[in-house]
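The figures here come from the full heavy-atom set of this structure, side chains too, leaving out hydrogens, waters and symmetry mates. Throughout, a chain's letter reflects where its sequence line sits, starting with A, and its residues are numbered from 1.
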Amino acid sequence: MFIVLARVDSRTMAAKISDDGGALGIEYVSDLAEFVRKEEPQHPRWVWDDTSTWYPELLAAGIRIERCFDLRLCHAILRSSALTAESALATAPQGVWDAPASVVTPRPERGAALFDLDVDPGAVPVLADPLAEFTLQRAAVAGSAEPGRIGRLLAAESAGALIAAEMRFAGLPWRADAHDAILTSILGSRPLESARPQKLQEILEIVREKLESPDLNPDSPADLLRALGVAGLQVASTRSWELKQLKHPAIAPLLEYKKLARLLSANGWHWLDTWVVNGRFRPDYVPGGVVTGRWATSGGGALQLPKQVRGAVIADEGWKFVVADASQLEPRILAAMAGDRGMVEAGATGDLYAGIVASGAVETRDQAKIAMLGAMYGATTGESGRLMPRLSQAYPRAIAKVEEAARAGERGEVVTTQLGRSSPPGQRFEGWNEARSEADTSRARERSRAWGRFTRNFIVQGTAAEWALCWMASIRRRLGELDDRWLTDAPHLVFFLHDEVVVHTPAELTVPVSVLLADAAAEAGRLLFGELPVTFPLTIATVDNYGEAK
DNA sequence: TGGGCTTGCGCC
DNA sequence: AAAGGGCGCAAGCCCA
């Protein structure tokens, strides 16, 4: 059963729909939390416009749900998926469901056809009517050549939305005192106002002295470039890797200054005051926030937490973290997508890069890693570019897969992930004619190649994101089966980073949690690739603080 | 003073 | 050693 929820004139309506799409009844809901609590034991799939506007209030009321269907996220997938390109949904003009999250709030006019169950799937909803949209989406999936594939993606995406809300609700344990101690040991104690901390100030004085530039502000690239020039150091930019090439007594302290200044500005005391409240860091996760299907976050830079400060992520008394990351996820995804038996076998032992070396394709593990990264990102020069032909010879199917994706992008075509997320439409770059200059032509060619690098990476990054969603959905379900206590009283997910999860768990449950994480990884592999014998090994660590992992 | 752009760097 | 994919954020800088 589905229960479609909608807010109409500040009231909440619920429509029950059977699995075959038949209407079972409509009612007004006066107390949402009470209603959901009463219906949830029937295991309905809750259908709503936007999980982030419905679920937090339920969690605050102490209610979790098992399944949902997030119409806004699913609309975005169906709108551009090659698997549903012919659907009424995809061929309709842009509407409210294509707008950014904050705009998709159903405010139908009084007397509008909200909950009209005889919606014509070909009709375009003028208003954000969730029932009409749900009907359109069901029709799009049913009419797809591979309804199971796209259906799995929509389910995974929606499960991700629930997990994002739950992780924000639970928060990542964060000890302000430990964070302060880390900052103090690296930067010196917290300064008053906006002064530089002592150690940063000391290094700054050394840099100024060595560059004979007493007023230098290294935080200003222009100012720094000028000072370096005066000292006879010619560089095109002030990036660290470029400065590292230079031999000059000012360089070492300058690089040190940059490192400390970065820590201070990105994750210093100001960050701590802003983002850590009552011992928890609560970033705003944005499922589907990246075109490839990866999550984004807003606020606090949760996906960029530097290793330096992870020591402040400390489990509660009597609790532990189980940290799991999928080893070499993207190359394994590529091997599986391409059905490249050789590369799948190279990964069977647990270390894919070692397996590539063992096959004789390259000499060292480092080379294997660089070559694989180059294949997935589209490197053309350097060591990575030079290793490509050898990789291509050893693993023709895997490399052909990414090469085809790149060529398709260069031609302006759309590429699609394993479960059916498609890349944004490209342009045709070769539409130049002889009236255009040589420079224009070469610019067009470079843009075309750049788009090809994007589509090349899209299929791998996007399919890896699908794997991660399936993994997390399975983890969430298995955690619920392991322990039926309330979310934050039982083992629960507290962090996610593309190919890595952190579970906060009572110390006595670390073993079953570790087992479940590995089982979930295997299940994710089957969901994407069926019975293809591809393995997704995990590196699992049980720790008291996140800094100890890896 | 505030918005938008660029630069640089953290994560995968 | 620094090429190649995806992000978010802070600071400087420029301009209205």
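- DNA chain B lies under 4.0 Å from no heavy atom of any residue of residues 161-179 of chain A.
- The side chain of A:Asp219 lies closest to C:dG12, out of C:dG6, C:dG12, C:dG4.
- Here A:Arg386 lies out of heavy-atom contact (under 4.0 Å) with every strand.
- Atom CG in A:Leu224 sits about 11 Å away from atom P in C:dC13, given to the nearest Å.
- Put simply, A:Lys307 has no side-chain N or O that comes within less than 4.0 Å of OP1 or OP2 on B:dC9.
- Dense packing is recorded around CD of A:Glu446, with more than 12 heavy atoms of other residues, nucleotides or ligands lying under 6.0 Å away.
- Among the atoms of the strands shown, only primed sugar atoms or phosphate atoms (P, OP1, OP2) are found under 4.0 Å from some heavy atom of A:Leu305.
- Each of A:Arg72, A:Arg421, A:Arg294, A:Arg152 was scored for a salt bridge (charged side-chain N to carboxylate O under 4.0 Å, His left out) with A:Glu157, with one residue passing: A:Arg421.
- Within 4.0 Å (heavy atoms only), A:Arg453 reaches sugar-phosphate atoms of the nucleic acid but no base atom.
- For A:His179, the ring-ring contact (aromatic ring centres under 6.0 Å, His included) partners are A:Trp174, A:Trp271, not counting sequence neighbours.
- Using a 4.0 Å heavy-atom criterion, one finds that A:Val460 contacts no nucleic acid atom at all.
- Take the nearest nucleotide of DNA chain C for A:Thr380 and for A:Thr297: the residue whose nucleotide is more 5' is A:Thr380.
- The two residues A:Leu78 and A:Ala90 come nearest to each other via the heavy atoms O-CB, 3.9 Å.
- A donor-acceptor pair shorter than 3.5 Å can be found between the side chains of A:Glu466 and A:Thr417.
- Whole-Å rounding puts the A:Glu446 CD to C:dA3 P distance at 13 Å.
- Of the candidates C:dC7, C:dC13, B:dC11, C:dC13 carries the atom nearest the A:Ser220 side chain, counting heavy atoms from C-beta on.
- The existence of a salt bridge linking A:Glu205 and A:Arg208 is confirmed by a sub-4.0 Å separation between a basic side-chain nitrogen and an acidic carboxylate oxygen.
- Ion pair A:Glu403/A:Arg456 flagged as a salt bridge, since at least one NZ, NE, NH1 or NH2 atom sits closer than 4.0 Å to an Asp/Glu carboxylate oxygen.
- Listed by residue number, the members of residues 227-262 of chain A with any heavy atom below 4.0 angstrom from DNA chain B are A:Ser237, A:Thr238, A:Arg239, A:Ser240, A:Lys258, A:Arg262.
- Per the geometry, CD1 belonging to A:Ile333 stands 18 Å off P belonging to B:dC12, to the nearest Å.
- A salt bridge between A:Glu548 and A:Arg310 is absent, with no side-chain N of the basic residue lying under 4.0 Å from a carboxylate O of the acidic one.
- Ring-base stacking between A:Tyr377 and C:dG5 is satisfied, the centre separation being under 5.5 Å and the plane angle under 30°.
- Considering only side-chain N and O atoms, A:Asn457 lies nowhere under 4.0 angstrom from the phosphate OP1 or OP2 of C:dG4.
- The side chain of A:Ser265 lies closest to C:dA10, out of B:dC11, C:dG12, C:dA10.
- Look at A:Lys401 and A:Asp340 and you find no salt bridge, because none of the NZ, NE, NH1 or NH2 atoms lies under 4.0 Å from a carboxylate O.
- The shortest distance between the side-chain N/O atoms of A:Thr381 and the OP1/OP2 oxygens of C:dG4 is not below 4.0 Å.
- To the nearest angstrom, C1' of C:dG6 lies 13 Å from CG of A:Asp499.
- Both distances falling under 3.5 Å, in either a Watson-Crick or a G-U wobble arrangement, place B:dT1 opposite C:dA16.
- Straight-line distance from the CG atom of A:Asp223 to the P atom of B:dT6: 21 Å, rounded to whole Å.
- Heavy atoms of A:Gly289 sit nowhere under 4.0 angstrom from any nucleic acid atom.
- At whole-Å resolution of the value, CG in A:Leu391 and C1' in C:dG4 are 14 Å apart.
- In C:dG4 the O4'-C1'-N dihedral to the base is within 90° of 0, which defines a syn nucleotide.
- Between A:Leu225 atom CG and C:dC13 atom P there is a gap of 12 Å when expressed in whole angstrom units.
- The nearest whole Å value for the distance from the CZ atom in A:Phe495 to the P atom in B:dC11 is 11 Å.
- Side-chain contact check for A:Gln418 and A:Thr463: no donor-acceptor pair (N or O, by modelled atom type) lies under 3.5 Å.
- No contact: A:Asn267 has no heavy atom under 4.0 Å from any strand.
- For A:His270, the NE2 atom sits in a loose shell: 12 or fewer heavy atoms of surrounding residues, nucleotides or ligands are nearer than 6.0 Å.
- Using a 4.0 Å heavy-atom cutoff across all strands shown, A:Gly385 reaches no nucleic acid atom at all.
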